[in-house]
Amino acid sequence: MIHLAVNIDHIATLREARGGIEPDPVAAASIAELAGAIGIVCHLREDRRHINDRDLRLLRETIKTKLDLEMAATEEIITIALDTLPDLVTLVPERREERTTEGGLDVASNLVYYTQVVARMHQNDIAVSFFVEPQRDQINAAATAGADIVELHTGTFANARSSHEQQEELRKLREAAAYAASLGLNVTAGHGLNYVNVRSICTIPEIQEVSIGHAIIARAAFVGLDTAVRDMVRLLQVYSH
Ligand code: PXP
């Protein structure tokens with residue numbers, strides 16, 4: 001069965017909209033865990049637009065499943081990661097102007113640098129995931145750099161306008177997942193997944209986990225976070241085996 005990691009950045013985004021103390025992403029993480037999430041993801045951005053250093057500190061203290069710190073591999077954030085010791089870091093590209101992460105990381109063009117980053121994380125028992133496009137060159141680079149996991153970027157699949165385009169993107173994801181697994185990598189997927197399109201993702205046997213934020217937090221506004229997480233866990237149970 002595919003497991004669910006819940007990205008709680010949007011809870012912090014809502015808090016930052018008023019600059020106060022609620023809603024608290026730390027409380028959201030506990031609710032998501034109680035509802036069946038096997039991991040909590042948060043992205044500490046350079047501009048701290050949602051998750052901040054206090055959140056990360058408290059999340060590290062309180063999360064009982066797995067803390068996945070999504071991050072750009074800059075020296076500032078690497079230092080924080082080595083200090084905080086999340087269970088896992090997911091390395092992503094980051095641009096200040098973007099609304100959310102756009103596209104996968106170009107590991108292949110920066111292989112020497114990312115190999116060093118992986119080594120520093122591993123020295124501290126932190127597992128490393130690379131968020132990559134479903135492309136062999138990037139998957140090869142992630143494996144060469146020593147990654148434990150590749151998270152396949154599902155954004156293009158999720159944004160496909162026609163069913164033909166969606167099937168084509170699904171085919172790329174399927175091939176990439178099989179290829180990554182053949183190299184000994186663990187395979188996860190995320191970005192743009194929701195209560196409808198996750199069904200197709202569940203047909204890819206190598207995918208062990210999905211990382212979902214927006215769709216779950218959006219649904220939570222209407223039905224509550226506990227129900228929103230349970231609904232997704234139930235779908236994953238039904239659609240994957
Ligand atoms: N995985 C990665 C690497 C991401 O950057 C994001 C967005 O923060 C997600 C998963 C979750 O995407 P969404 O919010 O669209 O579910």
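Counting convention: from 1, in listed order, for ligands and their atoms alike. Index from 1, following the sequence.
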- [ ] Could you tell me the residue and atom name of the protein heavy atom closest to atom 15 (O) of ligand 1, and the distance to it rounded to 0.1 Å?
- [x]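 Its nearest protein heavy-atom neighbour is Gly192 N, 2.8 Å.
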Task: atom 5 (O) of ligand 1: nearest protein contact (heavy atom, Å) - done: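 Ranking protein heavy atoms by distance from atom 5 (O) of ligand 1, first comes Glu70 OE2, 2.5 Å.
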TODO: Apply side chain to side chain donor-acceptor pair (under 3.5 Å) to the pair His43 and Glu94, showing each step before the final yes or no.
DONE: CA-CA 10 Å; His43 185 173; Glu94 187 175 305; 2.8 Å; yes
Task: Check: Gly213 N/O within less than 3.5 Å of ligand 1 N/O - done: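 Yes - when backbone and side-chain N and O of Gly213 are compared with those of ligand 1, one distance drops under 3.5 Å.
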Task: ligand 1 contacted by His191 (non-hydrogen, < 4.0 Å) - done: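 Yes, His191 has heavy atoms under 4.0 Å from ligand 1.
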Taking only heavy atoms of [X] into account, list the atoms of ligand 1 that are under 4.0 Å away from them.
X: Val92; result: 3 (C)
X: Glu151; result: 1 (N), 2 (C), 3 (C), 10 (C)
X: Ile212; result: 16 (O)
X: Ser211; result: 1 (N), 10 (C), 11 (C)
X: Phe131; result: 3 (C)
X: Asn7; result: 8 (O)
X: His214; result: 13 (P), 14 (O), 16 (O)

TODO: Please tell me if the side chains of Ile149 and Val187 come closer than 4.5 Å, counting only heavy atoms from C-beta onward.
DONE: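 Result no, sub-4.5 Å side-chain heavy-atom pair not found.
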Open item on the list: Donor-acceptor pair, distance only, cut-off 3.5 Å: does the side chain of Asp87 make one with the backbone of Leu67?
Closed with: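 Answer holds: yes.
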Task: With sequence neighbours excluded, residues passing side-chain contact (heavy atoms from CB on, under 4.5 Å) with Arg174 - done: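 Checked Arg174 against side-chain contact (heavy atoms from CB on, under 4.5 Å); matches are Leu170, Thr203, Ile204.
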- [ ] Would you please indicate if the ring centroids of His50 and His10 are separated by under 6.0 Å?
- [x]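 No: the rings miss the under 6.0 Å criterion.
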Task: Over all atoms of both residues, closest heavy-atom pair of Val150 and Ala142 - done: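 Result for this residue pair: CG1-CB, 3.5 Å.
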Task: Pairwise distance OG1(Thr227) to CE(Met232) - rounded to 0.5 angstrom - done: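 Answer for the OG1-CE pair, Thr227 versus Met232, is 13.5 Å.
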Task: Euclidean distance, Arg230 CZ relative to Ile31 CD1, rounded to 0.5 Å - done: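 Between Ile31 CD1 and Arg230 CZ, I get 11.0 Å after rounding to 0.5 Å.
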